Amino acid sequence: MATLELINLSKRYGKSVWGAKDISLKVDNGEFIVFLGPSGCGKTTTLRMIAGLEEVTEGTILIDNNDVTYLEPRKREVSMVFQSYAVWPHMTVYENIAFPLKLRKLPEKEIDNIVQEVSEMVKIQEYLKRYPRQLSGGQRQRVALARALAVKPKIFLMDEPLSNLDAKLRIKMRTELKAIHNKTGATTIFVTHDQSEALSMADRIVIMKDGNIEQVGTPDEVYFDSENVFVAGFIGTPPTNFFRMNIKNEGDKIVFYNEELKFSLSDKIKQLLKNYNKDEIILGIRPESFKIVSKDEAIFSRDILVVEPQGSHQIIAIEIGEQIIKIVSPSFPKYSSGETIHISFDEERVMLFDIETEKRIRE
Ligand SMILES: Nc1ncnc2c1ncn2[C@@H]1O[C@H](COP(=O)(O)OP(=O)(O)OP(=O)(O)O)[C@@H](O)[C@H]1O
């Protein structure tokens with residue numbers, strides 16, 4: 001178990017392509033960190049630099065406060081699990097797990113103990129004599145996991161380890177992986193582009209875009225307290241609804257308006273905007289922050305465009321100008337398309353962003 005620190009870490013491919021730019025991050029001992037972001041944002045590049053599989057262009061990597069930036073991979077004491085399992089086909093499950101331990105010249109008895117221990121942990125004890133081709137994808141991934149666990153690495157690096165599994169198994173393995181992490185307490189960096197995987201597994205999520213870190217925070221922080229428009233739009237299904245609004249002061253209220261909507265918000269919002277001197281703003285409202293209310297309480301009313309029942313809740317789409325807005329509402333009462341609904345929203349949950357920088361406006 002170990003701490004990890006990345007200091008201004010960058011990777012440039014050729015002259016101008018940045019795989020990762022100026023990444024700084026401190027990871028505590030035992031933390032489960034998830035790198036999340038769209039394809040090509042630099043998750044894998046950063047992970048591979050930590051593993052020593054990718055040369056660093058600039059910056060420093062510290063493991064337990066030791067500089068490992070130029071240390072060869074096997075001396076870093078990290079284990080990596082890949083999407084493609086990468087188990088050796090000509091070895092049995094037992095041999096796959098034991099092989100790295102044999103390389104380390106551990107006594108047979110100790111190797112056997114470790115193989116039993118980790119195979120029990122990932123629930124593959126009964127397959128130890130089989131070859132990988134005799135296993136399902138999920139079982140093969142467990143073998144890869146067991147092999148990585150067996151060497152008791154300081155840091156666990158996982159690159160989309162669940163993405164080759166079918167949807168149901170993925171969700172099951174998520175829970176199991178998290179349980180294994182709780183048991184081993186190993187510092188883990190897990191790469192995914194699946195936000196639901198990230199939200200359900202991470203202690204903290206590192207949200208990346210174009211090689212940069214956009215926000216680092218707990219699942220609740222990145223969801224409820226998004227740092228900018230990109231994060232608010234990336235996290236959440238359906239994502240945050242955004243409105244470009246004009247703003248003006250009217251007495252103790254602040255009025256938000258555009259061609260479609262007009263409403264005023266309270267003192268608290270006015271206070272929040274006291275140093276904001278632009279007359280346009282981006283308002284972000286999460287689908288579940290809207291409320292369907294009586295006509296008297298409504299901020300605006302619209303006809304329903306489409307209802308998408310989800311079992312546990314329903315997603316209601318309305319049109320505001322040319323924009324489609326999604327509202328998450330409890331399963332009951334049922335609504336149907338064409339019906340007029342009256343809508344309000346939870347002012348406490350509104351997110352305000354600078355019209356130019358798209359950064360969150362904070363007090
Ligand atoms: N060997 C390479 N040569 C040139 N450019 C590369 C190389 N490897 C990665 N890149 C570029 O670096 C950027 C980051 O790639 P990276 O693989 O880290 O993204 P990612 O976030 O892991 O994406 P994905 O989710 O698709 O795996 C991309 O623009 C990619 O095209």
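Owing to the predicted nature of the structure, the values given are computational and were not obtained by experimental measurement. As the structure lists them, so they are numbered: ligands from 1, and atoms in each ligand from 1.
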> Crowded around E55 CD? As in, over 12 foreign heavy atoms under 6.0 Å?
Replying inline: no
> Which ligand 1 atoms, with their elements, are less than 4.0 angstrom from a heavy-atom of C41?
Replying inline: 19 (O), 20 (P), 21 (O)
> Is the closest side-chain donor-acceptor distance between Y127 and Q139 under 3.5 Å?
Replying inline: yes
>> Show the nearest heavy-atom pair for residues E95 and H90, with the distance to one decimal.
In response: OE1-O, 4.4 Å
> G37: heavy atom below 4.0 Å from ligand 1, yes or no?
Replying inline: no
> Any luck finding a side-chain donor-acceptor pair between E297 and H342 under 3.5 Å?
Replying inline: no
>> Do T240 and R286 pair up side chain to side chain, a donor and an acceptor below 3.5 Å, judged on atom types alone?
In response: yes
> What is the closest protein heavy atom to atom 15 (O) of ligand 1, and at what distance does it sit?
Replying inline: T45 OG1, 3.6 Å
> Between D203 and K178, is there a salt bridge with N-O shorter than 4.0 Å?
Replying inline: yes
> Looking only at distance, does G42 have an N or O less than 3.5 Å from an N or O of ligand 1?
Replying inline: yes
> Considering distance alone, does some N or O of T46 sit under 3.5 Å from an N or O of ligand 1?
Replying inline: no
>> Quiz question for you: does at least one protein heavy atom lie closer than 4.0 Å to atom 30 (C) of ligand 1?
In response: no
> Got the closest protein heavy atom to atom 17 (O) of ligand 1, with its distance?
Replying inline: T44 CB, 3.8 Å
> Can you tell me which residue and heavy atom of the protein come closest to atom 26 (O) of ligand 1, and the distance to 0.1 Å?
Replying inline: S39 OG, 2.6 Å
>> Would G19 count as being in polar contact with ligand 1, using the rule that some N or O on each side must be under 3.5 angstrom apart?
In response: no
> In this structure, are over 12 heavy atoms from other groups packed under 6.0 Å from K248 atom NZ?
Replying inline: yes
>> To check your reading of the model: name the closest protein heavy atom to atom 20 (P) of ligand 1, its residue, and the distance in Å.
In response: G40 N, 3.6 Å
> Which pair of non-hydrogen atoms, one from F242 and one from G233, has the smallest distance, and what is that distance?
Replying inline: CZ-N, 3.6 Å
> Of all the non-hydrogen atoms in the protein, which one sits nearest to atom 9 (C) of ligand 1, and at what distance?
Replying inline: Y13 CE1, 3.4 Å
> Considering only heavy atoms, which of E54, H193, K43 lies nearest to atom 25 (O) of ligand 1?
Replying inline: K43
